[in-house]
Amino acid sequence: MRLVLFVFSLLLTASAFAARPVLILGDSLSAGYGIRPDQAWPALLAGRLAEKRLDYSVANLSISGETTAGGRSRLAPALAERRPAVVVIALGANDGLRGLPLPQMRSNLDAMIAASRAAGARVLLAGMRLPPNYGPYADEFAGVFADLARRHQVALLPFLLEPVAGRPRLFQADNLHPVAEAQPLILDHVWPALAPLLK
């Protein structure tokens with residue numbers, strides 16, 4: 001009987017100190033569209049966390065084609081089920097490419113940040129940029145991320161694809177999605193913004 005109680009207490013202790021996830025809520029840029037899932041930057045992040053012996057796992061809930069509205073609808077169940085320590089919100093690209101109303105995007109991102117913080121998670125907001133031919137909409141689009149990060153006092157990565165933008169060889173034939181070779185560069189770009197949140 002004592003042995004059973006001892007084993008049971010060990011199991012409880014192990015579960016109490018189980019690695020809490022870094023939840024990544026993104027679109028095709030984080031889902032690894034066109035490449036193997038294990039080549040995408042979130043998978044590489046999991047490897048880096050293990051390499052550095054940091055007690056975090058990665059829950060990549062990114063879906064190709066996802067908008068901020070879709071992410072908002074999926075976030076509450078994900079927070080309840082996963083109980084993440086950190087939430088990386090990497091959405092907005094599809095809203096922008098489709099020219100969706102920016103107040104709607106702002107509202108969705110605002111709600112996601114607030115919900116994540118209310119659940120006790122630290123937040124990294126990964127912004128996006130649009131091509132110059134989108135005109136004033138492109139400037140307003142980029143401004144949404146900066147404004148929300150400032151308002152909520154959360155970490156901001158202004159442009160997820162900054163290290164690969166303008167380098168055609170690092171993109172697939174659609175000129176939208178980075179190739180496998182680009183993924184370590186994206187991770188190296190994300191890491192300085194994410195690492196301080198892993199405390």
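Residue numbers start at 1 and run along the sequence shown.
A donor-acceptor pair under 3.5 Å is formed between the side chain of R167 and the backbone N or O of P163. Between the side chain of E66 and the backbone N or O of I63, no donor-acceptor pair lies under 3.5 Å. Under a 3.5 Å cut-off, the side chain of S28 and the backbone N or O of S64 do not form any donor-acceptor pair. A donor-acceptor pair under 3.5 Å is absent between the side-chain atoms of R82 and the main chain of V22, judged by distance alone. A distance-only check finds no donor-acceptor pair linking the side chain of Q104 to the backbone of T68 [under 3.5 Å].
Using a 4.5 Å heavy-atom cutoff, the side chains of V123 and S116 are in contact. The side-chain heavy atoms of V87 and M112, taken from C-beta on, include no pair separated by under 4.5 Å. Between R129 and P158, some side-chain heavy-atom pair lies under the 4.5 Å cut-off. Contact annotation: the side chain of D27 never approaches that of S62 to less than 4.5 Å [non-hydrogen atoms, C-beta and beyond]. Between R117 and R122, the closest side-chain pair of non-hydrogen atoms is not below 4.5 Å. Looking at heavy atoms from C-beta onward, V58 lies in side-chain contact with I24 at the 4.5 angstrom threshold. D188 has its side chain within reach of R48: a pair of non-hydrogen atoms, C-beta onward, lies under 4.5 Å apart. Looking only at side-chain heavy atoms (C-beta outward), F171 and L176 stay at 4.5 Å or farther from each other.
Other residues, nucleotides and ligands place no more than 12 heavy atoms under 6.0 Å from the CZ atom of R83.
Ring planes of F141 and F145: perpendicular class, angle over 60° (limits at 30 and 60°).
I89 and L100 fall into different hydrophobic clusters, where Ile, Leu, Val, Met, Phe, Trp and Tyr are joined by side-chain heavy atoms under 4.5 Å apart, directly or via other members. Following chains of ILVMFWY side-chain contacts shorter than 4.5 Å, one can reach V154 starting from L91, so the two form part of one hydrophobic cluster. Side-chain heavy atoms closer than 4.5 Å link hydrophobic residues (I, L, V, M, F, W, Y) into clusters, and following such links, even through other members, never connects L61 to I35. When the side chains of ILVMFWY residues are joined at heavy-atom separations under 4.5 Å, either directly or via intervening members, L197 and V190 end up in a single hydrophobic cluster.
With L45 as the partner, the side chain to side chain contact (heavy atoms under 4.5 Å, CB included) test is satisfied by one option alone out of N60, V88, L194, I186: L194.
Rounded to the nearest 0.5 Å, atoms OH (Y33) and CD (Q172) are 7.0 Å apart.
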Quiz prompt | Residue pair T67, N94: steps toward the side-chain hydrogen bond (donor to acceptor under 3.5 Å, both in side chains) verdict | solution = CA-CA 6 Å; T67 61; N94 289 310; over 6 Å; no
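Between D110 and R72, none of the side-chain N atoms (NZ, or NE/NH1/NH2) sits under 4.0 Å from a carboxylate O, so this pair counts as no salt bridge.
Contact record, L148 with R106: CD1-O, 3.8 Å, taken as the closest heavy-atom pair.
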